[in-house]
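Heavy atoms only: backbone and side chains are in, while hydrogens, waters and symmetry mates are out. Here the structure is a predicted model, which means the values were calculated and not measured.
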Amino acid sequence: MRILLVEDTHDVGEAICRRFEAIGHSVDWETDGTAAAEILDFTDYALVILDVMLPGLDGFEILRRLRRAGNTTPVLLLTARSEVEDRVGGLDLGADDYLVKPFDFRELEARARVLMRRTAGEATNLLTCGDVIIDRAARQVRLGTREIPLKRREMTLLELFAARPGRVFGKDELLDQLFGFGEGANPNAIELYVGRLRKKLEGAKVRIVTVRGAGYQLVTDDLV
């Protein structure tokens with residue numbers, strides 16, 4: 001999914017970007033609080049990972065503005081402040097979770113999965129659609145007993161479709177979810193990834209269909 005990372009410590013930011021991009025997420029990384037707040041005014045994300053101590057606006061003020069605007073995007077705060085008052089203050093402002101630096105990147109990934117899962121109304125990392133089972137923690141897809149090898153963006157695309165079977169996704173919406181700023185992707189890239197995914201799902205009880213003039217949807221036998 002598409003994530004906004006707001007972190008001004010470069011080695012930490014680079015490491016977080018590498019971790020999340022390696023498992024298929026698209027990450028926009030911003031180091032300035034004021035610029036991040038402006039981005040959030042016009043861009044939707046599945047998750048915001050937000051450092052507290054930032055140049056420009058601090059993380060608490062970004063969070064305050066986000067919630068005042070009615071934006072319910074899940075926010076995971078990163079803070080070097082270990083005092084209970086600071087953590088409670090962040091949660092009261094509308095943060096969904098927090099991690100105190102230094103942290104284990106595996107825990108960061110796990111907490112991010114929980115928040116994105118919660119937004120989708122799902123209780124576990126397993127996502128089942130027809131006879132296809134997606135394990136989002138292990139980054140594996142199985143068709144019956146057979147594992148389907150998927151590249152990271154193919155996995156992300158399948159997750160989007162499988163989380164909302166029957167929903168029509170436009171190409172522009174899929175572009176926003178699969179690619180970050182500056183990657184230069186166009187609608188032809190979506191056609192390419194959809195085509196690859198269709199081939200890998202051959203024989204499954206789910207299929208990706210084209211809705212003329214609107215986009216694509218995942219259809220299962222239950223929806224036919």
Test item: [X] and [Y] side chains (from C-beta on) under 4.5 Å apart, heavy atoms:
X      : Y      : answer
Arg19  : Glu109 : yes
Glu191 : Lys171 : yes
Leu150 : Leu158 : yes
Leu91  : Tyr98  : yes
Val12  : Ile16  : yes
Leu143 : Leu201 : no
Leu78  : Phe103 : yes
Val48  : Ile3   : no

If I compare all heavy atoms of [X] with all of [Y], which pair ends up nearest, and what's the gap?
X      : Y     : answer
Ala46  : Pro74 : O-CG, 3.1 Å
Gly33  : Leu54 : CA-CD1, 4.1 Å
Arg139 : Ile23 : NH2-O, 2.6 Å
Ala37  : Ile62 : CB-CG1, 4.4 Å
Leu40  : Asn71 : O-ND2, 4.2 Å
Gln177 : Ser26 : O-CB, 3.8 Å

Q | ILVMFWY cluster, Phe105 and Leu47 together (side-chain gap under 4.5 Å) | A |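 In one cluster with Phe105: Leu47, yes.
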Q.
Under 4.5 Å between side-chain heavy atoms, counting indirect links through other Ile/Leu/Val/Met/Phe/Trp/Tyr residues: same cluster for Val100 and Val52 or not?
A.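 Yes: a chain of side-chain contacts under 4.5 Å links Val100 to Val52.
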Q: Take atom CG of Asp44 as the centre, draw a 6.0 Å sphere, and report whether it contains more than 12 heavy atoms from other residues, nucleotides or ligands.
A: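 No.
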(Q) For the NZ atom on Lys101, are there more than 12 heavy atoms of other groups (residues, nucleotides or ligands in this structure) within a distance under 6.0 Å? (A)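 Correct, the count exceeds 12.
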Q. Where do Asp97 and Arg111 land on the salt bridge (Lys or Arg N to Asp or Glu O under 4.0 Å) test, with the steps shown first?
A. CA-CA 8 Å; Asp97 201 355; Arg111 288 176 181 265; 2.8 Å; yes
Rounded distance [0.5 Å steps], [atom1] in [X] versus [atom2] in [Y]:
X      : Y      : atom1 : atom2 : answer
Leu50  : Asp96  : CG    : CG    : 11.5 Å
Leu57  : Glu38  : CG    : CD    : 8.5 Å
Ile148 : Met155 : CD1   : CE    : 9.5 Å
Asp176 : Thr43  : CG    : OG1   : 7.5 Å
Lys205 : Thr220 : NZ    : OG1   : 10.5 Å
Tyr45  : Leu66  : OH    : CG    : 11.5 Å

Q) Could you walk me through whether Leu174 and Leu157 pass the side chain to side chain contact (heavy atoms under 4.5 Å, CB included) check? A) CA-CA 8 Å; Leu174 294 174; Leu157 185 60; 3.9 Å; yes
Q: Evaluate the side chain to side chain donor-acceptor pair (under 3.5 Å) criterion for residues Thr210 and Arg198: first the C-alpha distance (whole Å), next the side-chain angles of each, then the deciding distance (0.1 Å), finally the verdict.
A: CA-CA 11 Å; Thr210 301; Arg198 279 173 169 159; 2.8 Å; yes
Q) So Glu21 and Arg153, salt bridge (Lys or Arg N to Asp or Glu O under 4.0 Å) or not? Walk me through it. A) CA-CA 9 Å; Glu21 288 172 351; Arg153 283 203 172 104; over 6 Å; no
Q | Cation-pi, Phe169 ring and Arg167 (6.0 angstrom, 45 degrees) | A |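 Relative to the ring axis of Phe169, which defines the angle, Arg167 lies inside both limits.
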Q. Can you list the steps and then say if Asp28 with Arg2 is a side chain to side chain contact (heavy atoms under 4.5 Å, CB included)?
A. CA-CA 8 Å; Asp28 294 329; Arg2 192 172 182 183; 2.7 Å; yes
Q. Should Glu61 and Arg64 count as an ion pair when the cut-off is N to O under 4.0 Å?
A.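 Result for this pair is yes, salt bridge flagged.
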(Q) Let's go through Leu178 and Ile190 carefully: what are the C-alpha distance in whole Å and the side-chain angles of both, what is the deciding distance for side chain to side chain contact (heavy atoms under 4.5 Å, CB included) to 0.1 Å, and is it a yes or a no? (A) CA-CA 9 Å; Leu178 264 66; Ile190 298 301; 4.3 Å; yes
Q: Assign the ring pair Tyr216 / Phe161 to parallel, tilted or perpendicular, where the plane angle (0 to 90°) is split at 30° and 60°.
A: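 Aromatic pair Tyr216/Phe161 classed perpendicular.
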**Q.** Gln217 side chain vs Gly166 backbone, donor-acceptor pair below 3.5 Å
**A.**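 Yes, Gln217 side chain to Gly166 backbone: donor-acceptor pair under 3.5 Å.
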Q.
Please check this pair: side chain of Trp29 against backbone of Leu4, looking for a donor-acceptor N/O pair closer than 3.5 Å.
A.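 Not at all, since once roles are kept as given, no pair shorter than 3.5 Å links the two residues.
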Q. Taking it one step at a time, do Arg67 and Val75 satisfy side chain to side chain contact (heavy atoms under 4.5 Å, CB included)?
A. CA-CA 10 Å; Arg67 297 307 187 226; Val75 173; 3.6 Å; yes
